Amino acid sequence: MEQNNNRKPEQNGKPPKSKLSLLLLSVVVILFIGMLYGMISDGQYTKTTFSQFMNDVENGKIDEVELHYDRIYYMTKEEAAKPEREQKACFTGLPNGNVLELAQTLNEKGIKVNQVIVEDNSTIMMILLYAVGIGAMFFLMNGITRRMNGGGMGAIGASKAKVYMEKKTGVTFKDVAGQDEAKESLQEIIDFLHNPTKYTEIGAKLPKGALLVGSPGTGKTLLAKAVAGEANVPFFSISGSDFVEMFVGVGASRVRDLFQQAAKVAPCIIFIDEIDAVGRSRDSRYGGNSEHEQTLNQLLGEIDGFDSSKGIVCLAATNRPEILDKALLRPGRFDRRIVVDTPNLQGRLDTLKVHTRKIKLSEDVDLQKIAQATAGAVGADLANLVNEAALRAVRKGRSAVNQEDLLISFETVIAGAEKKNTVLSDKEKKLVAYHEVGHALISALEKQETPVTKITIVPHTEGALGYTLYLPEEEKFLSTRDELLSQLRSLIGGRAAEDVVFNTQTTGAANDLQRATGLARKMITMFGMNETLGLMTSATVEHQYLDGRSYMDCSDETAALVDREVQKLLAGCYASAKETLQNNRQLLDDIAALLLEKETITGEEMMAIINPPAEELTIDNG
Ligand code: ADP
Ligand code: ZN
């Protein structure tokens with residue numbers, strides 16, 4: 001961290017290096033042009049010596065003379081006799097002080113003297129001319145580089161790099177639902193922006209940057225804005241992808257500009273969205289090129305360079321922290337990592353509350369229910385859901401949003417709009433119904449509680465012919481092996497039902513099988529839940545916050561073994577799922593019949609069939 005200190009002052013105050021070099025370049029170019037011009041114009045004359053000139057004067061060879069402050073231009077009679085195009089004049093230096101005297105002498109000899117310039121204003125003129133030339137040149141070149149940089153140099157508004165600055169974001173922590181841990185971590189930054197001296201007095205190193213890590217739509221941008229809003233400082237934002245350009249050096253100059261602009265209005269927040277676009281590791285695995293490296297180096301330099309005691313804090317967001325260059329994460333740079341989680345039940349409820357603050361809700365609205373149904377949705381989804389609901393209410397000519405609006409828009413946003421015109425044949429409908437009930441029944445029987453909120457066979461646009469909405473597994477961070485196995489059986493329960501009831505297999509199970517295979521593979525390669533492979537892991541997660549995809553890092557033999565084990569595991573689960581369904585065939589038929597009749601049934605309706613109401617049982621017993 002020490003070395004950072006040495007570098008910081010140079011960034012502030014002084015004109016930027018690039019302008020200085022531009023000015024220098026202009027000077028050189030203009031001087032060069034001047035010299036060239038001098039050479040060319042002198043080239044039109046033959047250079048002679050003063051004594052030669054005086055000789056010619058004595059011998060009456062001279063026709064015409066032009067006297068300047070330090071030069072004599074003259075034409076010999078010989079030349080003057082030639083046709084005008086071939087005439088060549090001479091020039092020679094003129095010793096100081098005797099201009100008038102010389103003019104007198106020449107006049108006496110009957111030589112025509114055209115001009116006498118006694119005073120030396122030519123030097124002043126010359127300097128003026130050069131100055132104007134250099135100025136013009138500088139502006140011209142400045143303009144050209146500015147265009148090349150996409151409006152870089154100092155032009156924030158007009159800049160193609162889409163830096164945008166908000167004096168006041170107007171967003172506070174109240175607008176960000178949930179995310180308490182992230183808020184807590186950011187609180188210190190706010191405090192610091194409010195009162196930097198409190199920290200510097202003790203000698204504490206101030207945080208320069210923090211990395212907000214989380215899935216898309218979880219509110220990273222919102223949080224950054226809220227930090228600026230809470231601290232009441234301007235908010236600069238740019239997307240990492242804006243730095244990525246074809247031309248080498250453009251990205252770097254944009255980074256420089258951004259920090260320059262920010263330094264002018266400090267204290268402030270600089271927010272770089274999608275920092276992985278610039279910050280991706282320089283090693284070859286993710287590709288790289290010199291433009292990218294240069295931009296990243298510039299970014300690293302600027303972060304080291306800025307004076308954090310001035311109150312600049314750099315926040316960056318990414319959903320792929322694992323690909324970031326290690327240099328970015330070093331102490332003194334983005335060393336703080338703030339995880340912005342996908343919201344849990346309470347978080348979703350709070351988010352819904354925040355977004356319905358300004359929306360008229362009718363009395364039947366139960367946000368708790370909506371929050372329960374939206375497991376896995378992020379803040380952006382929920383904001384979208386509320387807005388869709390409001391739009392629907394307007395379409396239906398109502399003055400307030402009701403529960404139905406929210407439920408329907410939930411389906412639009414999360415499951416895709418209901419596709420009313422897909423007509424399934426009766427046979428297909430039956431297949432879909434049994435398939436869906438197969439999933440639900442297995443989890444219901446295994447857990448002995450309501451596993452699903454809803455089962456439907458109304459087709460949806462996003463490909464699913466029917467779907468089963470599982471109840472959220474709230475606040476669950478660990479899964480046991482048994483739970484995972486149960487999940488596997490439920491996932492392939494759809495296919496099992498097709499098999500048990502119709503002795504057939506449909507394409508509808510493709511997605512289920514993919515998910516089941518993925519889960520089985522994880523159990524074997526990552527969770528150490530397989531006897532043959534034991535505790536050895538053979539896969540690594542690559543995009544933890546994006547799609548959680550993993551890649552295998554093991555020998556080919558192990559990979560082949562894993563494949564066989566996955567197969568075995570799935571086969572075992574399948575057999576047991578089939579058995580469960582066969583043993584409960586009556587329940588399967590009853591629930592499927594109800595589903596076929598109503599097209600959509602709730603989890604409670606299903607449970608009523610599985611566990612008939614208590615009164616009936618007592619009567620039976622009595
Ligand atoms: P990210 O930057 O993580 O992709 P954004 O901050 O751009 O996500 O979020 C998009 C929108 O989603 C926000 O403008 C806001 O309306 C909504 N949103 C996301 N998270 C939250 C949250 N925790 N509380 C309230 N609104 C949220
Ligand atoms: Zn299915």
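In listed order, ligands and their atoms are each counted from 1. Only a predicted model underlies this, so the values are computations on that prediction, with no experimental measurement involved.
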Nitrogen or oxygen of Gln179 less than 3.5 angstrom from that of ligand 1: no
Atom 2 (O) of ligand 1: nearest protein contact (heavy atom, Å): Thr221 OG1, 2.6 Å
Side chain, backbone, both or neither: Asp175 near ligand 1, heavy atoms under 4.0 Å: backbone
So which heavy atom in the protein is nearest atom 4 (O) of ligand 1, and how far is it from that ligand atom? Gly217 N, 2.8 Å
When you check the gap from the basic side-chain N to the acidic O, do Asp405 and Arg398 get nearer than 4.0 Å? yes
Given NE2 of His439 on one side and NE2 of His435 on the other, what angle do they make at the Zn ion (ligand 2), to 10°? 100°
Would you check the N or O atoms of Ala177, main chain and side chain alike, for any that come under 3.5 Å of an N or O of ligand 1? yes
Hey, does Val176 come in under 3.5 Å of ligand 1, counting only N/O atoms on both sides? no
For ligand 1, which is the ligand I care about here, please tell me if Leu222 has any N or O atom under 3.5 Å from one of the ligand's N or O atoms. yes
Less than 3.5 Å between some nitrogen or oxygen of Thr351 and one of ligand 1, yes or no? no
Counting distance only, does the side-chain N/O of Glu230 pair as donor-acceptor with the main-chain N or O of Phe173 below 3.5 Å? yes
Atoms of ligand 1 close to Gly379 [distance to a heavy atom under 4.0 angstrom, numbered from 1]: 12 (O), 17 (C), 18 (N), 19 (C), 20 (N), 21 (C)
Do Lys183 side-chain atoms and Leu223 backbone N/O form a donor-acceptor pair below 3.5 Å? no
Nearest neighbour in protein (non-hydrogen) for atom 10 (C) of ligand 1: Ala380 CB, 4.0 Å
I'd like to check whether Thr218 has a polar contact with ligand 1, where a contact means an N/O of the residue lying under 3.5 Å from an N/O of the ligand. yes
Any nitrogen or oxygen of Ala383, side chain or backbone, less than 3.5 Å from one on ligand 1? no
Do the side chain of Arg336 and the main chain of Ala210 share a donor and acceptor less than 3.5 angstrom apart? no
What do you reckon, does Gly178 put a non-hydrogen atom under 4.0 Å from ligand 1? no
Shortest-distance N, O or S atom of Asp512 relative to the Zn ion (ligand 2): OD2
For atom 8 (O) of ligand 1, grab the closest protein heavy atom and report residue, atom and distance to one decimal in Å. Gly219 N, 3.2 Å
Decide whether the shortest distance between a heavy atom of Ala317 and an atom of ligand 1 is less than 4.0 Å. no
For the pair Arg254 (side chain) and Asp242 (backbone), establish whether a donor and an acceptor sit closer than 3.5 Å, ignoring hydrogens and angles. yes
State, yes or no, whether a side-chain contact exists between Val378 and Asp381 at a heavy-atom distance under 4.5 Å. yes
Assess the side chains of Asp257 and Gln261: does a donor N or O sit below 3.5 Å from an acceptor N or O? no
Is the backbone of Thr506 close enough, under 3.5 Å, to the side chain of Glu498 for a donor and an acceptor to pair up by distance? yes
Does Lys225 have a heavy atom less than 4.0 Å from any atom of ligand 1? no
What residue and atom, counting heavy atoms only, is the protein's closest point to atom 16 (O) of ligand 1, and at what distance? His355 CE1, 3.1 Å
Can you name the residues that form a salt bridge (charged side-chain N to carboxylate O under 4.0 Å, His left out) with Glu579, not counting sequence neighbours? none
Distance-only polar pair, side chains of Ser362 and Asp364, donor-acceptor under 3.5 Å: yes
By number and element, which atoms of ligand 1 are closer than 4.0 Å to a non-hydrogen atom of Pro216? 4 (O)
Main-chain N/O of Asp499 paired with Gln505 side-chain donor or acceptor, under 3.5 Å: no
Counting distance only, does the side-chain N/O of Glu605 pair as donor-acceptor with the main-chain N or O of Thr602 below 3.5 Å? yes
